[in-house]
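Scroll down for the structure; my scribbles are underneath it.
None of the values given here were measured: they were computed from a predicted structure. Here is how names work: the chains are called A, B, and so on, in the same order as the sequence lines, proteins then strands, and each is numbered from 1.
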There are 2 protein chains.
Amino acid sequence: MSNMLSKKTKYAFHALTYLGKQEERTPVLISQVASKTKVPRKFLESILLDLKKAGILNSKMGKGGGYYLLRDAKDVLLADVIRMFNGPIALLPCVSLNYYEPCEECVDEETCGLNAMMIEVRDEMLKILENKTLADIINAEE
Amino acid sequence: MSNMLSKKTKYAFHALTYLGKQEERTPVLISQVASKTKVPRKFLESILLDLKKAGILNSKMGKGGGYYLLRDAKDVLLADVIRMFNGPIALLPCVSLNYYEPCEECVDEETCGLNAMMIEVRDEMLKILENKTLADIINAEE
DNA sequence: TAATAATCTATAAATTCGATAGAATAACTA
DNA sequence: TAGTTATTCTATCGAATTTATAGATTATTA
């Protein structure tokens with residue numbers, strides 16, 4: 001019973017924070033990120049790969065390889081990371097902007113009070129999560 | 001992959017809304033609530049029972065029995081229902097007020113930027129969810 | 001006491017989450 | 001160009017949680 005962020009999402013934030021704190025943008029070994037952030041190595045691999053596919057990280061293979069941050073930390077929104085690993089930010093599929101799905105039991109969305117209320121909640125949540133960035137996390141660290 | 005409300009939570013809101021809209025506070029059959037809200041009958045049973053135990057509903061057994069709203073609709077906070085059926089409102093256990101748990105990987109909560117950030121997010125979410133009530137849902141319906 | 005309706009117990013099906021193993025591919029260096 | 005290093009890909013597994021159903025039991029009323 002839980003509405004919270006998955007471990008994967010939390011791990012993603014830890015990894016991003018670690019990479020974002022590097023002075024130079026030189027590749028960092030997966031194994032180094034894993035040991036420093038205490039994220040299980042193999043699990044971390046798939047997380048970093050997803051972040052690469054999303055254009056947030058880049059990687060270099062072979063000797064001297066590893067992962068590094070591609071964007072500026074202030075351009076990585078909390079909402080981006082949450083959507084990627086955790087799914088919708090909205091509390092119900094029927095009010096999700098990016099993952100919309102109608103409710104099976106719903107006769108008419110227009111007159112559903114729950115729908116109306118959850119739209120309000122969603123908009124408030126977006127106000128926060130689309131205005132906070134990885135840079136804010138890193139700043140709070142120092 | 002989802003941060004959303006469970007079906008149980010959504011069903012609870014539907015059932016509460018239906019009961020809250022009754023003119024008189026006379027008992028309504030489980031089967032009537034089930035058919036009107038399209039919530040699976042047996043699943044609904046356990047939801048209504050939980051709401052009774054929480055003091056939000058009351059029930060009457062035998063002929064003419066059923067469930068009815070005990071509190072005033074404006075005194076049923078969205079946050080109450082979500083906490084009961086969905087768990088914490090905070091996005092991480094380490095920033096939850098009602099379900100606090102430390103993170104395994106965390107060396108020091110004081111210096112964790114993610115922790116700091118999620119406290120901000122939590123407080124904003126509580127501002128909304130503790131100020132909206134069942135009455136707001138019902139009003140939005142008309 | 002018969003009918004009605006909530007309550008309790010148990011369990012089954014489906015989905016999601018967290019984690020791991022091993023093979024394949026790419027890049028550097030000597 | 002051979003060998004080493006490190007990312008990338010595929011595939012799967014177990015555990016936990018969520019959703020749903022079935023049947024027996026208890027309380028109430030007429």
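- Atom CG of residue A:L44 and atom CG of residue A:L49 lie 10.5 Å apart, to the nearest 0.5 angstrom.
- In this structure, A:K52 atom NZ and D:dA6 atom P are separated by 16 Å, rounded to whole Å.
- Across the protein-nucleic acid pair, B:E45 atom CD and D:dA27 atom C1' stand 15 Å apart, rounded to whole Å.
- Remark: P of D:dC9 and CG of A:D50 are 10 Å apart, rounded to the nearest angstrom.
- B:R41 has its CZ atom 9 Å from the P atom of C:dA5, to the nearest Å.
- In this structure, A:K8 does not reach the C:dT16 phosphate: none of its side-chain N or O atoms is under 4.0 Å from OP1 or OP2.
- The B:K63 side chain lies nearest to D:dA30 when the options are D:dA30, C:dT29, D:dC9.
- Taking atom CD1 on B:I30 and atom P on D:dA22, their separation rounds to 16 Å, with Å as the unit.
- Remark: A:Q32 CD to A:T37 OG1 distance equals 10.0 Å, nearest 0.5 Å.
- Of the charged side-chain nitrogens involved, at least one lies within less than 4.0 Å of a carboxylate oxygen, so that B:K10 and A:E105 count as a salt-bridged pair.
- Looking only at side-chain heavy atoms (C-beta outward), A:L114 and B:T17 stay at 4.5 Å or farther from each other.
- In the set D:dT7, D:dT21, C:dA19, D:dT21 carries the atom at the smallest distance from any side-chain atom of B:P40.
- Going from atom OG1 of B:T26 over to atom NZ of B:K60 covers 9.5 Å, rounded to the nearest 0.5 Å.
- Within 4.0 Å (heavy atoms only), A:Y11 reaches sugar-phosphate atoms of the nucleic acid but no base atom.
- Atoms CE (B:M61) and C1' (D:dA24) sit 13 Å apart, rounded to a whole Å.
- With hydrogens and angles ignored, no donor-acceptor pair closer than 3.5 Å exists between the side chain of A:K42 and the base of C:dG18.
- If you take NZ of A:K38 and P of C:dA19, they are 15 Å apart, rounded to a whole angstrom.
- For A:L5 and C:dC17, the CG to P distance is 12 Å, given to the nearest whole Å.
- Residue B:S6 has no polar side-chain atom (N or O) positioned under 4.0 Å from OP1 or OP2 of D:dT17.
- Residue A:L48 is out of contact with every strand shown, counting any heavy-atom pair closer than 4.0 Å.
- In this structure, A:K10 reaches neither bases nor backbone, as no heavy-atom distance under 4.0 Å exists between it and the strands shown.
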